[in-house]
2 protein chains.
Amino acid sequence: MMLEEKIRPSCNACPIRHRAVCARCNEDELTMLEGIKSYKSFKAGDPILWRGDSLTYVGSVVEGVATLGKTMEDGRMQMVGLLLPSDFIGRPGRSQIEFDVVAVTDVTLCCFQRKPFEELVTTTPHVAQRLLEMALDELDAARDWMVLLGRKTAREKIATFVEMLVRRQHLAGEQAPLPTLALPLTREEIASFLGLTLETVSRQFGAMKKDGILTFSDRRQFKVIDFDALHLATGDDADGGPLV
Amino acid sequence: MMLEEKIRPSCNACPIRHRAVCARCNEDELTMLEGIKSYKSFKAGDPILWRGDSLTYVGSVVEGVATLGKTMEDGRMQMVGLLLPSDFIGRPGRSQIEFDVVAVTDVTLCCFQRKPFEELVTTTPHVAQRLLEMALDELDAARDWMVLLGRKTAREKIATFVEMLVRRQHLAGEQAPLPTLALPLTREEIASFLGLTLETVSRQFGAMKKDGILTFSDRRQFKVIDFDALHLATGDDADGGPLV
DNA sequence: AAAACTCCTTGATGTAGATCAAACAATGAT
DNA sequence: ATCATTGTTTGATCTACATCAAGGAGTTTT
């Protein structure tokens, strides 16, 4: 909730506070959206959508963390996205979803019925445009992640992942110099995001602790001590392209 | 050219034959598009766009094959997309491109000036909608490729790649049972698409030849002998989700 | 027709990270 | 308090693929 307000101040005026669509909606459109809107909650661990499920809703994360992934027949699993507050779920124009969506913490979604939502997309250029913009952002992020999966070392993967978390959580909070950050995923979940095993993730966290880049107060609570060293360890170039 | 006509018969009536936008354009829109359209050609090996280049055009591949990729500072390279005829290049709403686009064969593009094209997107819901649809398709493909990069073995990667080529080239030609297919990329380029080295690619092709799945007449010309074995080798499930 | 490329294959060796295995928290249940 | 359960660390070993190296097979250049 706070997040959306920070990103798009104009959302304050919008009863829906939905990053995707409210920024330039007029009164009629907002009323219409309000009518097809509902909030849904999921407990940590709950599946939200299963591959092949028919999509009766689209929406976005209001609170909590969910993952987007695919499991192969023999059980190998790859996460393909991390859904944090303000991220969109579902695809207007598609009746089915291709990936599994799972709540990793308690999650609240703000949902719109898909059919009427698609009506809105069809008739309202700025909504379609905003969704296109978001889809292209996600596409860039997915492609950057392909570089990570295909070419980066285990250490570079971990560093990139941590840097992404910092960047995403920084938007929400203020510019405090050394904030303690929450690690919303288990070692196993991180591993399946990075194309590694949980043991390798654990060892790399250990190494970065030893190298004075990170400290852990709790297994799921950490601080970045040396941002420069962290960035250096990502293998990305100086300016640091956008990643998720 | 033939390709677009097969995919969207309605494009026959459209002077532009541009899969992205012409399907439901009216006369005014077509005239407008015609005015900002131009064809551009590139020789095999030519860079088409470099990361960070400002995008003055958007467009799509009419003929030839191009690759989309990113090179890390130390030279490691990952391809993140293969651009075949009808594929779109560039992002309305973005002034810069995040990846390198390179012609691997001689390439012809059909280009539109970005600024006026964006005007059209802003004012014409069905164009924005069509672009959204395409972006979501690409996103699904990118995510499937993330599963490949993160979790598949070398053999599975090669099998998946070959199956994708078959699928893409099948749309163009007719349902001939055993067509000879062109391998548009070198071993090195395939390797950088699959997150492997060229030696591993070569060895895996060798193995699949020995196993009676493929035959090569030339290094760049092959036939699939055993489609079932090929699909089995991909590691994907029976129904075979869409991949590029 | 020889030289110089570029691309590909094949072999020998090395290694990052997987796999196997055991023990150690932290949490929650009885 | 004790016992499960779930997540994490750490160690020993293994292996798929990378890396290093050399030679072959087509092209293009001279």
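Note that the coordinates shown come from a computational prediction; the quantities given were computed from them, not determined experimentally. All chains are named by letter (A, B, ...) in the order of the sequence lines, taking the proteins before the strands, and each is independently numbered beginning at 1.
The side chain of Glu199(B) lies closest to dA21(D), out of dA21(D), dG7(D), dC8(C). Side chain of Arg219(A), nearest nucleotide from dC17(D), dC7(C), dA26(C): dA26(C).
Between Phe216(B) atom CZ and dG26(D) atom P there is a gap of 15 Å when expressed in whole angstrom units. Rounded to whole Å, the distance from CG on Leu198(A) to C1' on dA21(C) is 13 Å. Computed from coordinates, the Arg151(A) CZ to dA16(C) P distance equals 17 Å when rounded to whole Å. Residue Lys209(B) contributes atom NZ, which lies 12 Å from atom C1' of dT10(C) at whole-angstrom precision. Taking atom CD of Glu188(B) as the reference point, atom C1' of dC8(C) lies 11 Å away to the nearest angstrom. Atom pair Phe205(A):CZ and dT8(D):P shows a separation of 10 Å (rounding to whole Å applied). Straight-line distance from the CZ atom of Arg187(B) to the C1' atom of dG26(D): 13 Å, rounded to whole Å. Computed from coordinates, the Leu185(A) CG to dT6(D) P distance equals 19 Å when rounded to whole Å.
Thr197(A) comes within 4.0 angstrom of a nucleotide base, judged by non-hydrogen atoms across all strands. Among the protein residues, Leu196(B) comes within range of the sugar-phosphate backbone only, with heavy atoms under 4.0 Å from sugar or phosphate atoms but none that close to a base. The residue Gly195(A) sits close only to the backbone: its heavy atoms come under 4.0 Å of sugar-phosphate atoms, none of a base. Here Arg155(B) lies out of heavy-atom contact (under 4.0 Å) with every strand.
Taking 4.5 Å as the limit, some side-chain heavy atom of Arg151(B) sits within range of a side-chain heavy atom of Met72(A).
Interface remark: the Arg203(B) side chain does form a donor-acceptor pair with the dG11(C) base, using a distance-only criterion of under 3.5 Å. Side-chain N/O atoms of Glu189(B) and base N/O atoms of dC7(C) include no donor-acceptor pair closer than 3.5 Å. The base of dC17(D) does not come close enough to the side chain of Gln204(B) for any donor and acceptor atom to sit less than 3.5 Å apart.
Annotation: cation-pi pair Lys70(A)/Phe99(A) present, NZ/CZ under 6.0 Å from the ring centroid and within 45° of its normal.
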Practice task
Carefully, step by step, assess Arg76(A) and Asp74(A) under the rule salt bridge (Lys or Arg N to Asp or Glu O under 4.0 Å).
Solution key: CA-CA 6 Å; Arg76(A) 279 174 289 173; Asp74(A) 61 2; 2.9 Å; yes
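The existence of a salt bridge linking Arg155(A) and Asp211(A) is confirmed by a sub-4.0 Å separation between a basic side-chain nitrogen and an acidic carboxylate oxygen.
For the 3.5 Å distance criterion, the side chains of Thr160(A) and Lys152(A) qualify, holding a donor opposite an acceptor.
OP1 or OP2 of dA18(D) lies within a sub-4.0 Å distance of a side-chain N or O belonging to Thr200(B).
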